[in-house]
Amino acid sequence: MKVHIDPLRCESTGYCVAIDPAVFRLTPQGAEPTVSAGFDPDRDGDVLREAEGLCPTGAIRVIED
Amino acid sequence: MITNSRVISENVLGALPMGGSMTEATVQQPAPMKEIEPAPYISAMTQIATYAEIDEILRSKDFVQGSHQESMPFFGDCLLLLDGSEHFERRRLEAPLFAKQELFHYEREVVQPAIDRVLAACRDDVDTEGLPRGDLVSMTKHMLLQMTAEVTGIDGVDTEQSTNRFGDYLGKLGEGATVEWSARDHDEVIAEVLDVRDEFVLDFFRPSMDRRREMLVALEEGRIAESELPRDLLMLLVRNHAPDWDPELPLREATLYLVAGFQTTTHAIPHVVNHLAGWIQAHPEDAPRLRDQAFLQAATYESLRLHLPAPSLLRIATKPVTLASTGREIAAGERVALLFTPANRDVSAFGDDAAQFDPRRAVTAPMKPWGLAFGGGVHTCIGRQLVTGLSRTVDDVDQKDRTTDGIGVQILASLYEAGVELDPHQRPAYREVSHHDAFETFPVRFRNL
């Protein structure tokens, strides 16, 4: 499972961080996942998919393995 | 009577979108852009018209919603008007309506068949040259009615008669929900639309709600499976009804989806076709690109930038604010009108030709090619990806089944495939009963239908 955040679309609305600050964080450049690769689908899958659906700007894309 | 038309030469004809066998013909000139004056409704408010200031306010946590105060009977306490945690939770509840798989479903299984039906119906009305014709405002609306009904959860929009009736209700509900921008007497509009809404409730809304309540009981009793429940707004509201919601809240929430569901795209499509007609006259080398989805997407974004579905949004400062972008001071409790049209034509944001349509315009991050058309910050339009398409990733840029171009591009691709052109015998007309930058009628005809 991978997550891609499109920097052209991210507007730092903070929805992803509000869902789970342990999985996403905001930087001056926008949102980013707290780990760069290797998400655990069992542990993080629901958070990532909800963040993808909730992001108002459509910046988050989750790519299932 | 042919008005505002001209005879065009053979070499220009050769550059027309889908070209016919004509050697000489009349062609309708694109409508000039409408002059947008701020509505009287906001004349006493602080008006903000620069891109940087509006962008900052929309992202700021120091402002709350200030729009739709007159239209509260239609939109009160709906997602659009909430703030803070209440807004976050409502948005979280409704986000699944626009999940990736739902966007694929709407585009491919709902919108495309509707586009094909609407285009086919044009064959019943041909002009003196034997070409099918129609009004693009009405056509676009009818292309989107089924999808709007499906997202919201309104049953029974499945025959020509019921679809027309549903469309009429939505037109009136839209008038009430945007009464602030009406050029008619506002109290008269509100009273009139409340009467129509009562009819809509009896005709469509209540039966749809009742069916979902019955399905929920059936689920709880084990008579149906979870997968049999509809995936729509009304089902979400029935399943998650909060004790503090007043009985009419689901109706007002549904009104938001019904009005917004087709308004942005219906508003945008005639503008895109109008601009592209002028663009191809001036840049005939781009005619083949009318079959190119990326070009149509750029044209859609550019048109959304120039022609906003809402003339203005209002915000109220929760404390004294000094804007970082310009140093402007806004007092606590002050209501400001954000004028999107001049902001989206701001030369400091989009260049010296910001007021011109240019589908080749290069817009670089953090600017959006559509500017402020979908608002910004936490209140960014929840259906934005339905119109703009999904973000592409390096993994799926060439895989059509993993991304979408948005319903605007989808409609335009079908229109240009059918050889759409401005009707040379009838001029487009802007809507005069409101301060919206919208066409009332946009006559077109088709060369390849």
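Only this structure's heavy atoms are used, side chains among them; waters, hydrogens and symmetry mates stay out. Below, chains carry the letters A, B, ... as their sequence lines are ordered, and counting in each starts from 1.
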- Query: Do A:Glu11 and B:Arg384 sit within salt-bridge range, that is, some charged N less than 4.0 Å from a carboxylate O?
  - Reply: yes
- Query: Does the side chain of B:Phe88 come within less than 4.5 Å of A:Leu54's, by heavy atoms?
  - Reply: yes
- chain A interface, residue from B:Leu97, B:Val378, B:Thr380 that has the most non-hydrogen pairs under 4.5 Å: B:Val378
- Message: Can you confirm whether B:Asn240 is buried at CG, in the sense that more than 12 heavy atoms of other residues, nucleotides or ligands lie under 6.0 Å from that atom?
- Response: yes
- Query: What is the minimum heavy-atom distance between B:Ala95 and A:Gly53, and which atoms define it?
  - Reply: CB-O, 3.6 Å
- Message: Looking at B:Arg361, I want to see if its CZ is surrounded by more than 12 non-hydrogen atoms of other residues, nucleotides or ligands under 6.0 Å.
- Response: yes
- Message: Does B:Glu109 have more than 12 heavy atoms from other residues, nucleotides or ligands lying within 6.0 Å of its CD?
- Response: yes
- Could you tell me whether a side-chain N or O of B:Lys100 sits under 3.5 Å from a main-chain N or O of A:Val62, the two making a donor and an acceptor? yes
- Checking B:Thr364 against chain A: side chain, backbone, both or neither under 4.5 Å from a heavy atom? neither
- Task: Below 4.5 Å from any heavy atom of chain A, which atoms of B:Arg91 appear? Answer side chain, backbone, both or neither.
- Result: both
- Counting heavy-atom pairs under 4.5 Å to chain A, which of B:Lys368, B:His379, B:Arg59, B:Glu102 comes out on top? B:Lys368
